[in-house]
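On a predicted model such as this, the values are computed, not experimentally measured, just so you know. The basis for the numbers below is simple: all heavy atoms, side chains too, and nothing from hydrogens, waters or symmetry mates.
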Amino acid sequence: MGVIQSFCSTWTTAEKERGIMGCCSGRCTLAFICGMQLVSVLERQVIDFLGYQWAPILTNFLHIIVVILGLFGTIQFRPRYVTGYAAWLVVWMTWNVFIICFYLEVGDLSRDSDLVLTFNLSMHRSWWMENGPGCRVTPITPPPSWAPEDHRYISISGCLMDFQFIEVAHSSLQILLALVGFIYACYVVKLISEEEDSFDFIGGFDSYGYQGPQKTSHLQLQPMYMSK
């Protein structure tokens with residue numbers, strides 16, 4: 001509770017003039033969105049590590065760093081950090097749209113391709129393929145002759161939801177959070193800019209410099225006579 005009070009005490013004058021005194025203010029909401037993004041992308045990072053999805057792992061790592069910087073800029077009144085965070089969200093949304101198209105096999109994309117997500121380093125697929133809700137994995141013996149020796153050949157059945165739809169749901173959640181985060185990031189940058197402009201108007205950054213009152217001497221010069 002004390003952390004929330006100390007954070008809310010740093011609201012800008014523009015926020016207070018708008019009467020936004022609750023935790024639904026722009027900066028507080030953006031900080032909450034960043035927290036939700038961190039939680040969701042960390043969960044996704046673990047799943048991608050278990051599935052050896054190297055391209056999503058690298059992209060998730062970059063997203064984690066940018067979200068942390070955006071959260072720092074939100075708390076510390078750093079509009080450049082928030083602007084960079086907003087710009088990255090556009091890239092992040094584009095990447096997740098590509099992931100959705102990849103798993104839904106839009107156009108010439110195929111989710112069975114090893115090059116796109118694993119850089120052709122492994123034959124692994126999404127972790128949800130074998131561990132989805134209700135999925136039953138049955139090893140097939142003997143494996144076919146074309147199967148690699150260090151891989152098992154399995155049959156998957158009984159899944160309540162196919163793995164590609166679970167991946168699509170994850171990406172859709174990321175797009176939704178990124179869209180809301182982008183809107184609030186633009187709003188926070190606008191608030192900080194208005195605060196800086198109002199501070200300039202009242203002379204916070206006087207380009208002409210400040211000159212203090214000059215001291216006037218109360219001593220009067222008297223003529224001096226020297227006797228011979």
Side-chain angles (χ1 to χ4, degrees), residues 1-12 14-16 18-51 53-104 117 126-128 131-133 161 163-193:
M1 188 66 182
V3 175
I4 297 177
Q5 290 177 351
S6 62
F7 175 74
C8 292
S9 64
T10 61
W11 289 334
T12 63
E15 285 174 324
K16 294 179 180 179
R18 285 174 169 79
I20 308 175
M21 298 301 294
C23 280
C24 290
S25 65
R27 290 176 58 231
C28 204
T29 304
L30 182 57
F32 175 76
I33 294 172
C34 289
M36 291 291 294
Q37 286 180 317
L38 285 176
V39 172
S40 62
V41 76
L42 286 174
E43 179 266 340
R44 188 175 184 179
Q45 184 78 315
V46 172
I47 298 301
D48 289 336
F49 261 114
L50 294 175
Q53 306 294 294
W54 300 115
I57 287 171
L58 294 176
T59 312
N60 294 339
F61 180 72
L62 290 176
H63 184 60
I64 291 171
I65 294 177
V66 175
V67 171
I68 292 175
L69 292 177
L71 181 60
F72 174 79
T74 302
I75 298 175
Q76 297 294 327
F77 290 93
R78 303 293 179 87
R80 292 184 179 179
Y81 285 72
V82 182
T83 303
Y85 162 77
W88 165 256
L89 289 183
V90 177
V91 180
W92 179 247
M93 286 188 286
T94 305
W95 166 254
N96 282 277
V97 169
F98 169 76
I99 293 295
I100 292 175
C101 295
F102 175 78
Y103 279 106
L104 295 181
L117 298 185
S126 171
W127 182 81
W128 294 109
N131 299 276
M161 180 180 292
F163 74 96
Q164 62 266 28
F165 298 118
I166 299 178
E167 293 287 356
V168 168
H170 274 75
S171 295
S172 300
L173 175 62
Q174 294 298 324
I175 292 174
L176 178 62
L177 290 175
L179 181 60
V180 178
F182 177 82
I183 294 173
Y184 272 94
C186 295
Y187 174 66
V188 168
V189 171
K190 180 176 179 293
L191 286 180
I192 297 177
S193 300

I need the [X] [atom1] to [Y] [atom2] distance, nearest 0.5 Å.
X: Leu104; Y: Ile99; atom1: CG; atom2: CD1; result: 11.0 Å
X: Ile183; Y: Leu179; atom1: CD1; atom2: CG; result: 4.5 Å
X: His170; Y: Ile175; atom1: NE2; atom2: CD1; result: 13.5 Å
X: Tyr184; Y: Ser25; atom1: OH; atom2: OG; result: 9.0 Å
X: Gln37; Y: Leu173; atom1: CD; atom2: CG; result: 9.5 Å
X: Leu42; Y: Ile64; atom1: CG; atom2: CD1; result: 4.5 Å

Distance-minimising heavy-atom pair for [X] and [Y]:
X: Tyr103; Y: Gln164; answer: O-CB, 3.7 Å
X: Leu30; Y: Ala185; answer: CD2-CA, 3.9 Å
X: Asn96; Y: Arg44; answer: OD1-NH1, 2.6 Å
X: Ala178; Y: Leu89; answer: O-CD1, 3.5 Å
X: Gly70; Y: Tyr85; answer: CA-CB, 3.8 Å
X: Ala86; Y: Phe182; answer: O-CD1, 3.4 Å

So do the side chains of [X] and [Y] get within less than 4.5 Å of each other, counting heavy atoms only?
X: Leu50; Y: Asn131; value: no
X: Ile166; Y: Pro133; value: yes
X: Phe77; Y: Arg27; value: yes
X: Val41; Y: Val67; value: no
X: Tyr187; Y: Leu191; value: yes
X: Trp88; Y: Leu62; value: yes
X: Ser171; Y: Phe98; value: no
X: Thr74; Y: Tyr81; value: no

Subject >> Whether over 12 other heavy atoms sit under 6.0 Å from Phe61 CZ >> reply: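 Result for CZ/Phe61: open.
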
Subject >> Within residues 172-181 or reaching into it, pairs that qualify as side chain to side chain donor-acceptor pair (under 3.5 Å) - sequence neighbours excluded >> reply: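 Sorted pair list: Ser40-Gln174, Trp92-Gln174.
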
Subject >> Worked verdict on His63 versus Gln45 for side chain to side chain donor-acceptor pair (under 3.5 Å) >> reply: CA-CA 10 Å; His63 184 60; Gln45 184 78 315; over 6 Å; no

